[in-house]
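Note sheet for the following structure.
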Amino acid sequence: MRGIITVLGKDRVGIIAKVCTYLAEEEINILDISQTIVVGFFNMMMIVDLSDNTHKFDAVANGLKEIGLDLGLEIKLQREDIFNNMHRI
């Protein structure tokens with residue numbers, strides 16, 4: 001199973017480091033990552049491998065949400081299949 005992580009908010013030092021450190025601690029592999037900064041606003045999307053972590057999806061999602069609250073960002077984790085269905089044309 002793969003997941004989609006989105007990170008949105010005002011840019012600041014350490015955003016990528018905090019998110020990636022958390023994922024490494026949870027033994028979640030990053031498959032792809034894209035980030036942009038537009039006029040001081042940070043936007044990142046990650047595709048991650050959750051194959052070995054399906055039993056703790058909610059815990060990981062909550063952990064990412066807490067990091068977002070600490071940094072003043074919105075961080076969400078969604079299952080890839082749900083994300084794809086939500087964004088179908």
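The residues of the chain are indexed from 1 along the displayed sequence. Side-chain atoms are counted along with the backbone in the values below, which use heavy atoms only and exclude waters and symmetry mates.
Here the CE atom belonging to M44 is positioned 10.5 Å from the OG1 atom belonging to T36, to the nearest 0.5 angstrom. Here I33 contributes atom CD1 and C20 contributes atom SG; the two are 5.0 Å apart, rounded to the nearest 0.5 Å. For the atom pair K56 NZ and N62 CG, the distance stands at 13.0 Å (nearest 0.5 Å). Distance check, rounded to the nearest 0.5 Å: CD1 of I47 to CG of D32 gives 5.0 Å. Atom CD of E74 and atom CZ of F42 lie 13.5 Å apart (nearest 0.5 Å).
Contact record, E26 with V60: OE1-CG2, 4.2 Å, taken as the closest heavy-atom pair.
Taken together through direct or relayed side-chain contacts under 4.5 Å among Ile, Leu, Val, Met, Phe, Trp and Tyr, I37 and L8 form parts of separate hydrophobic clusters. I30 is connected to L73 through a chain of hydrophobic side-chain contacts under 4.5 Å among Ile, Leu, Val, Met, Phe, Trp and Tyr, so both are in one cluster. Residues M46 and F41 fall into different hydrophobic clusters, defined by Ile, Leu, Val, Met, Phe, Trp and Tyr side chains chained together at heavy-atom separations under 4.5 Å.
Just one residue in the list I67, L64, L23, V7 forms a side-chain contact (heavy atoms from CB on, under 4.5 Å) with K18, and that residue is I67.
Considering only heavy atoms from C-beta on, M1 comes within 4.5 Å of R79 through its side chain. Considering only heavy atoms from C-beta on, L31 comes within 4.5 Å of R2 through its side chain. Looking only at side-chain heavy atoms (C-beta outward), I28 and Y22 stay at 4.5 Å or farther from each other. Taking 4.5 Å as the limit, every side-chain heavy atom of I4 sits out of range of all side-chain heavy atoms of L77.
The local environment of CD in Q35 is crowded, with over 12 non-hydrogen atoms from other residues, nucleotides or ligands closer than 6.0 Å.
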Residue pair I75, T6: steps toward the side chain to side chain contact (heavy atoms under 4.5 Å, CB included) verdict
CA-CA 6 Å; I75 303 179; T6 54; over 6 Å; no

